[in-house]
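Notes to accompany the following structure.
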Amino acid sequence: MDFKAILEASYREMLRRYIEESSEVALYQGQMFSRKSIEHKVSPEEIINIHRKVLKDLFPDIQKEILSSFDFLMEFMMDYGLAYQEHQSLRNRQFEIISEIETAASIQENLLETPVPDHDELDIGAISVPAKKMNGDFHQFVHEGERISIAIADIIGKGIPAALCMSMLKYAMDSLSESTKIPKDVLEYLNKVVEGNVGSSMFITMFYGIYDSVKHLFTYAAAGHEQGFYYHSLTDTFEDLTTEGIVLGVDQDVTYKQYEKRVEPGDMLVLLSDGVTESKTDEGFIERSAITDLIQTYMHLSSQEMVENIYHDMERMQNFELRDDFTLIILRRKQ
């Protein structure tokens with residue numbers, strides 16, 4: 001007796017027993033039968049065909065219409081089986097992609113980690129939260145003697161390509177020599193790197209500044225980046241930080257303007273990405289004044305507590321759904 005005949009005989013006995021007894025034993029035998037069928041690569045359509053034939057053997061007077069219904073079921077299961085296999089394949093691939101993204105996000109987090117400087121003259125706070133797994137924002141502090149350099153950048157693009165671009169930017173910055181760390185020169189150097197190595201569909205906005213803690217002078221330049229704020233403690237007022245310059249990667253020969261700001265005791269520099277200023281609530285985008293209002297609300301706290309409280313407030317305003325990466329840095333000269 002060939003395998004097909006054995007299969008048919010086994011199925012006939014199981015079905016007969018189940019119809020007569022409706023027992024758990026018969027159901028268990030059915031489960032074993034299905035596993036054996038899978039091992040021998042018996043398709044669902046073949047099982048249906050065996051079921052139809054066994055029914056006819058067990059009930060010779062069965063209505064023709066009932067038997068015909070199994071022809072319909074067979075056609076249905078053939079299409080269903082193909083669709084199910086495709087679904088499982090896509091699902092497995094999706095799990096692989098999710099795992100890869102989580103691994104890449106972990107690597108990126110470690111790669112871009114930058115400690116907030118502990119300085120006698122400055123109180124510094126920073127927070128950077130990605131809207132998705134991968135962060136399209138980048139910030140970096142470098143504390144060298146009496147100077148602290150601050151970089152904040154935003155990749156116009158998302159996902160793994162943006163993360164790779166961000167890694168390239170970090171290594172390009174790490175390769176800068178001490179003599180080239182003048183804000184406008186830094187941006188012009190990075191612009192050439194980005195223009196020569198990144199595709200035309202991806203650009204980077206960037207703000208780069210250096211704080212001299214002896215002169216209390218902040219020198220900075222920007223490449224299409226969101227304007228920050230300057231807080232005057234004497235008058236309790238805010239002003240926008242003047243910036244001008246196109247995004248990195250558009251024109252290899254572009255030059256950038258450089259600006260200076262003398263920082264008085266109690267004054268603050270507020271640097272951010274557009275994920276802060278373009279936060280959107282049910283009523284629309286928030287006004288820049290809403291950000292300065294929040295800063296004033298938490299001004300009695302340390303800079304780190306300020307940025308964390310502002311983030312949590314803005315997160316609540318957006319129903320805990322960030323629409324863009326959120327980066328906020330506050331530097332306050334101590335009294």
Side-chain angles (χ1 to χ4, degrees), residues 1-111 129-136 157-164 167 201 282 315-316 318-325:
M1 186 180 292
D2 61 14
F3 177 74
K4 187 174 180 181
I6 295 172
L7 198 68
E8 187 178 312
S10 299
Y11 191 85
R12 181 185 294 105
E13 179 59 24
M14 284 188 303
L15 184 59
R16 181 194 62 76
R17 175 177 290 188
Y18 181 74
I19 292 172
E20 291 177 357
E21 304 173 5
S22 298
S23 66
E24 292 293 328
V25 174
L27 284 177
Y28 176 74
Q29 289 177 335
Q31 292 173 0
M32 295 299 101
F33 178 87
S34 66
R35 292 174 186 175
K36 204 70 176 177
S37 298
I38 291 171
E39 289 177 12
H40 288 82
K41 298 181 180 179
V42 180
S43 69
E45 307 92 72
E46 290 179 86
I47 299 295
I48 293 170
N49 195 40
I50 291 171
H51 184 84
R52 182 180 183 275
K53 186 175 181 182
V54 167
L55 271 182
K56 190 174 180 181
D57 291 345
L58 293 174
F59 305 99
D61 297 330
I62 191 170
Q63 293 180 6
K64 184 187 299 183
E65 290 80 4
I66 293 176
L67 292 176
S68 296
S69 71
F70 287 100
D71 294 331
F72 170 80
L73 180 60
M74 189 179 301
E75 291 297 324
F76 174 83
M77 289 304 296
M78 288 175 66
D79 288 338
Y80 175 84
L82 291 172
Y84 181 76
Q85 288 178 3
E86 184 178 357
H87 169 76
Q88 286 296 104
S89 177
L90 290 173
R91 191 164 176 264
N92 292 338
R93 181 57 184 148
Q94 184 181 39
F95 283 139
E96 289 177 9
I97 292 172
I98 291 172
S99 177
E100 289 172 1
I101 290 175
E102 288 178 345
T103 301
S106 177
I107 293 171
Q108 184 199 38
E109 183 179 2
N110 292 329
L111 180 68
V129 182
K132 305 296 183 184
K133 289 286 185 183
M134 309 296 292
N135 200 340
K158 301 298 177 188
I160 292 177
L164 291 172
S167 300
S201 62
D282 293 337
E315 186 185 32
R316 282 192 290 271
Q318 299 177 81
N319 296 318
F320 300 94
E321 292 183 9
L322 290 183
R323 292 165 175 80
D324 198 0
D325 305 314

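Along the sequence shown, the residues carry numbers beginning at 1. Note: hydrogens, waters and symmetry copies are ignored here, and every other heavy atom, side chains too, is used.
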Looking only at heavy atoms, which two atoms of [X] and [Y] are closest? And how far apart?
X	Y	value
M14	Q29	SD-O, 3.3 Å
R12	V54	CA-CG1, 3.6 Å
I50	E8	CG2-CA, 4.1 Å

Atom CD of E20 and atom CG of L58: how far apart are they, to the nearest 0.5 Å?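 Spacing of CD (E20) from CG (L58) equals 8.5 Å.
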
How far does CZ of R91 sit from CZ of R93, to the nearest 0.5 angstrom?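 Interatomic distance, R91 CZ to R93 CZ, rounded to 0.5 Å: 15.5 Å.
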
List the residues meeting side chain to side chain contact (heavy atoms under 4.5 Å, CB included) with E86, not counting sequence neighbours, and say none if there are none. L90

Under 3.5 Å, which donor-acceptor pairs do the side chains of residues 64-71 form with other protein atoms, sequence neighbours left out?
residue : atom : partner : partner atom : Å
S68     : OG   : K64     : O            : 3.0
S69     : OG   : I66     : O            : 2.4
D71     : OD1  : R52     : NE           : 3.4

Residues two or more places apart in sequence or in another chain: which of them pass salt bridge (Lys or Arg N to Asp or Glu O under 4.0 Å) with E24?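 E24 satisfies salt bridge (Lys or Arg N to Asp or Glu O under 4.0 Å) with no residue once adjacent residues are dropped.
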
Between N92 (side chain only) and Q88 (backbone N and O only), is there a donor and an acceptor less than 3.5 Å apart?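 Pair found, side chain donor or acceptor close to backbone of Q88.
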
